[in-house]
Structures are given as structure tokens and as C-alpha cells.
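Excluded from the calculations below are hydrogen atoms, water molecules and symmetry mates; all remaining heavy atoms, backbone and side chain alike, are included. Chain letters run A, B, ... following the sequence lines, proteins first and then strands; every chain starts at 1.
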Amino acid sequence: MQVTRDFSHYVKDLGAGLKHIDLAVEGVSCAGCMAKIERGLSALPDVTLARVNLTDRRVALEWKQGTLDPAKFIDRLAELGYKAYPFEKASAETTEAEESRFLLRCLGVAAFATMNVMMLSVPVWSGNVSDMLPEQRDFFHWLSAVIALPAVAYAGQPFFRSAWRALKTGNVNMDVPICIGVILALGMSIVETFHHAEHAYFDAAIMLLTFLLVGRYLDQNMRRRTRAVAGNLAALKAETATKFVGPDEISEVPVAAVRAGDLVLLRPGERCAVDGVVIEGRSEIDQSLITGETLYVPAEQGTAVYAGSLNISGTLRVRVSAAAEGTLLAEITRLLDNALQARSRYMRLADRASRLYAPVVHATAALTVLGWVLAGAGWHDAIVTGIAVLIITCPCALGLAIPTVQTVASGAMFKSGVLLNAGDAIERLAEADHVIFDKTGTLTLPELEVVNAADIPADVFALAGQLALSSHHPVAAAVAQAAQARSPLMGATEEPGQGVRAVVDGVEIRLGRPAFCGAEALVAQNGNVDPEASVVAFRRGTETFLFSVRQGLRPDADKIIAGLQRRGIKVEILSGDREAAVAAAAKALGIGEWRAGVTPADKIARIEQLKRSGVKVMMVGDGMNDAPALAAAHVSMSPISAAHLSQATADLVFLGRPLAPVLAAIDYARKALHLMRQNLWLAVGYNVLAVPLAISGVVTPLIAAAAMSGSSILVMLNALRARKVAGEATSWKS
Amino acid sequence: MEVMIILVPLALALGLAGLVGFLWSLKSGQYEDLEGAAWRAIADDDEPVAPVQPEAAPSRP
């Protein structure tokens, strides 16, 4: 059978005979790689553009339409030593990039206007104490107005839109007081300028917007960056399927190009990327990613297979069915919909603060006006003072207090291997006091490993590893991996469903089922001590050995669980796996509370029960059966190896083999929440100092400008502390 | 104070030129890859980066 790779799904037609493809590249880290890749690819004939994006770890390629096959680029990159995968931008990422560019444009306009208005304001401020003709002052004020008004109209859009959206639904968010403050300040300044007054606040209004846009842009940029990395990882997971394009011809195509009714081939050791029904072949499949059950399930004609199942021993032909036709999948989808609906609308800290803040500030301003009028001042002076109160309390520091901490904290989490899916995840994560782990794929590693490697002589192990290279069976692959075997044995033959054999130096060696190697006696003698392990036997001449292969616990799982418990967080296991397997894992990790054989509905029920008793539950899981529970929990996390559905549902995603990111994320989140609160108090403290000045009517534009930038810088500096947490800082890269 | 008639428009024009420059750089995608741009500035550009013949392709470790 001829296998071809078909990347046409990813190729974009640019017109004028040019084609474009984006590739995600693994291992690009420095300027050297960048130059090497760009030169190497540009050297291919007909390539018109090869440009590496070092931030996103991607290559953009353009070439003249014709003979060049995109697969050639991937081969060329492989020659250069880089693994590359075709890549399709998720629509969420495109909108986010668009949004980020818009914010930067707003920031540019606002910063330009601020600089020029300040240039005009400084002479006015100093002129008011020295000598400046009133006509000159008016001229400068009008000039400021001409710059500030269009700039605010353009750069204020993100705030105006968001405030309008909130008001339309009858809510108040932080942007409402910002907009009221800015609009009133500008309006009053125009009226004052018209009346040749001494003070105008164009500078304060535009500076406020500039500072706030800095916070917005930083926040947005960090989210865009994590999304780019998550997008790359999705591409690296290589979601491809082997599709029959003719009766005997197969082609490797991206999953997006597979339609219901297509036939796909599932070879041993491959993970199924689609849902479907087996129409030919006989094998065992590992459905642990779907159900959490680690025992293999036999598959034959008529068996339903789901995306994420791993094919173990035989080759299967699968007819792709439309999504969610199967009972299990339909059930999970239904539970997930319910859980997502029921997910309590969490009120973000910033919104809670502004809900308190807006009425207080607006009431203070109104009282100031009334107070001055009662004290005998004219209406004009009273209103000017009232607006000065609004300007000086305008939540510059308040608007920066939370986004800056969030940006710094998510950057720190990113470094320790945690990606944020949801904007408010940090706040919810900081409140979690009960962590529920799924076992399979979360506490354990998704790959298999040999657990009794120490009991086997090194030369036997090495030989078995070499022999194992000739088999596609995942258990054999684990043996080969553990033995670090590189060169396969010549003349090795595989007996499907049994094992592999070869002859070395006149001695026959076999690797496979105990019966295939004549090792039943050894199995009986050892008993099956480890209920979770698969046993594979090896025979050399007359000697027999047993390899015990299983999903091992994550290397640092026990330390991390202990760390969680030390922080006063309760830990619990809810798994769909068998009781014996779950009990063993719970015992090894020192977890007292565990439940085995739990269905997705049971998981939700348990979370609801905990929620009712006031506990904030964090769910960590990877399987498709965990997805509803991930949605139901207060906050949720998935490893990057998780099923698509779970990863999309989880608030956070962690990378790598160790479990350390879970603990690091909680530490960073707690520190961040602490700093957010601290920043809010700093902003309040600033207001307590500044508001009496404003009420007494002595606030000049100079004081407003100084107070505003001073408090903003203080809050930003405080936010930088979110980068570090005390205690264990472990890397996820191992 | 007649000097203001020249200086003020001049200052504004300079600022505006800066803004136009910034918007142009944004539009031409210069903020898409800040990390890469930092390295490109110090990369050697004595060899052509544009299409070259396969046999002339420089191979560097």
C-alpha cells in the first residue's frame, strides 16, 4: 500500500500563482536556528518567502504554484533537525491577534496625544505662576482640545464599547466610571476654555486613557501568547488520520479533512483521531483516555471506537461516523452541556470592586457639588469642584491594579508550564481548597513504562529492547523505549496478536505473550502482583524473563500531593478505573479519600455535594469522561495530553511529565490574588489622600496629573512581585 | 512670541510624523515577532537570505 501525505487542507492560495502554508516547528530557540531554517528553506527552488516567527515558534512559507509539494518542506526541516507540523490558526487566535493589534493602535494614538498635550500643558502650568498672557493660555488650551478630543474618541473605543455592553445588560463594570470621568473631564474642560478659565483637564483625561491602555494591552498580549503556544501544541500532537482514498491506496490527511462515511485505517500503536465503527479486523483497544479504565477492550466488527482510543494489537478498518452518535459520547455531551449551564457566573474581583466603587465615587462628587452650593459657592464653581473629584478618583490605579498582576502572574505560570484558558482562572484557582484528581493520565503518565527494569540483567534487557523495535504493540514499544534500543534486529518476524521472534547467534529469542514464550509457569509462580500491569515475556534459548509494563505515576506525584496537603488543601481521587488499581495509586501517594469505577455523572454528583458544603473544588483530569466534571468544578486543570474535549473545557492546561505545575499554579494564583487585593487597597489609599484635596477645591491639573501617574506606577511596581513565590520552584521540563 | 507660529506647528508635525511611523510599522507586522526581531538586528547579512541556488546554500552548524 502506498502512503502519501496530503497537506492541501493547510495550503492557502494567495493568488498570482503563490501558495502559503504555516508550519509549527519544534525546537526553535535562538537566532542560529532562525537563520539556519530560513536559509535552508529559501534554498529550495520556487520558494519566495521563508520567515521564522521566534515568538510563536512558527514558519511562514510562500512558494510559486507548481511542482513543489508542501511535504518537501517538512522533510527539509527534518534534515535540518527540526520537527515541523502543518498548522491551522484557530479562529479564537485570529480574533485575539486582531484585538491585540487594535489595542496597540489605540495605545499609539493615546500616547502620541498625551505627549503633545503634555508639551502644551507644562508651559501653562509654569505660566500660571510666572507670566503668561491669557490669550496664550487659551490658545494652548484650544490646541490641546484639538489634539485630545479626536484621540479620546479613537483610543477610548475599547472602554466605551465595554461600558456600553455592561450598561445595556444593566451591569456596572470598571469601564463605566472610567468613561463617565473621561467624558465629564473633557466636557468641562471645553466649557472652561470657552470661558477663558485658568484650568483645563485635557491632559489628565488623555493620560488616564494611555495608562489604562498599557494595562489592557499587556493583559491581551499575554493571553495571545499562551494561545499561540497552545495552538502549536495542538498541531504537534499531529491530529492526522490514515484515510483510504482508493480500495488499496491510503493517504495521511488532517482530521479536519475526514468526513463521516470515510474509511480510515488504524494500525497497532496508533491513536484513533475520529469516532467510528470497526468494519474489519480484530484487535484490543485502550480506552483509558475516554473512560479512565486501563484494562484493554476487545474490538471486532461492529465495535464503536472513539477519538482518543489507542489501538493495541491488530490492524482495524474503521468507518467514520458522525460525531456523538455513540451512547457514551452522547451522554458525556449532555452532561457537559448541563454542567456548563450550571457553572455559576463567577463575579470577577475587578467587577466586584467597581460595583462598590462607582456609586461611592459618584455620590461623593454629587455631595461635593451640593456641599459647595450650601456653603454659598456659585453653581459654576461647585460643579467644577465636583468634576475635579471625579477626575482625581478616576480609577487609573484601580484599572491597572488587576490586569498588571494578572499579566505578571500568567507570565510566571507560563514559565513553570501552565497555560491559562480562562481570564478569571487565577482568581478562582487561588480560592481552591479541595483538589480532585483523576487517576489515569493525570496522576499517572499517559505513556507506558517498564516497572521492574532493575530485576532484569542488562544484556537481556538490551536484547529484548532491540527485538521489541520490530513490533508495533505499545507494550513492546515501552520495552524498546526503556531499553533505549536504537537498532532493530535483522530478520525479526511478528506474529500478530502473539509477539515477535528472531534468531541471534543461532539462539531463538521471542518477545510477546507468556504463552508465546512458554513462560506460563513463571507467571503462575510470580502471581500477578500488580493488578494494573501488563506482562510481556521474553525468552532466550531456555531462559525466560517477565517484563511488567504499566502506566507509571508521574515522577513527582507523591511530593506534589504532600505539598498540597501541607498547604491545607484536601486531596481526593475520583477515577473510572478498577478498584484495585485506584487503591494502589492512592496508597502510594498517601491519599486517604478515593473512589473507583466512578461514572461521569457520579463525578459531577460528588462535586455538587462538596460545593453544597461550601468547598471550592479544583478538578484535575484528562479523560473525555472528566470533561463534565471539569466544567462543574469551581476551577479545573488538564494535562496537555488530555482529550480535546477536556482540554477545551479546563481553565488551565499544564505541560510536561511532572505534576509540579499544579502546585506551582496554585502558589502563583494565591500570591497573585493577594497582590490584587493589596493593589486595590493601594488604590483606595490613594483616593483617601487625594479626594479631600479635590473636595476642598485645591486640585489643579498639575496635582491631578502627578497623583494619577504616581499611583499608577506604584501599583505597577507592586504587581511585579507576582513573578516570584516562596518555596519549591521546580521546572516542568524533564 | 511670533516664534510660536513656527514652533508649535513644527512640534505637532514632528509628533504626527512619529505617530504615522508607528502606525505604519504596526501595519507592516513589525510587532508580530518581537523576540525574533531582537536577534535579526545582530544577525550577519553578508550572505543573501533571498532565494539562492541549492548548491550555493550555505550550511552552518
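Here B:Glu32 does not pair with A:Arg51 in a salt bridge; the nearest charged N to carboxylate O distance is not below 4.0 Å.
A:Ala60 pairs by the side-chain contact (heavy atoms from CB on, under 4.5 Å) definition with A:His20, A:Asp22, not counting sequence neighbours.
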Result block: side-chain N/O donor-acceptor pairs under 3.5 angstrom for residues 102-109 of chain A, not counting sequence neighbours:
| unit_1 | atom_1 | unit_2 | atom_2 | d |
| --- | --- | --- | --- | --- |
| A:Arg105 | NE | A:Tyr154 | OH | 3.2 |

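Taking a 6.0 Å sphere around CH2 of B:Trp39, one finds it holds 12 or fewer heavy atoms contributed by other residues, nucleotides or ligands.
Only the side chain of A:Met34 has a heavy atom closer than 4.5 Å to any heavy atom of chain B. Contact annotation for A:Asn116: only side-chain heavy atoms (C-beta onward) come within less than 4.5 Å of a heavy atom of chain B. The contact between A:Leu143 and chain B is made entirely by side chain atoms (from C-beta outward), counting heavy-atom distances below 4.5 Å. For B:Leu14, no part lies under 4.5 angstrom from a heavy atom of chain A. Contact annotation for B:Leu26: both backbone and side-chain heavy atoms come within less than 4.5 Å of a heavy atom of chain A. Using a 4.5 Å cut-off between heavy atoms, A:Leu49 makes no contact with chain B at all.
The two residues A:Leu54 and B:Asp33 have their closest heavy-atom pair at N-OD2, 2.8 Å.
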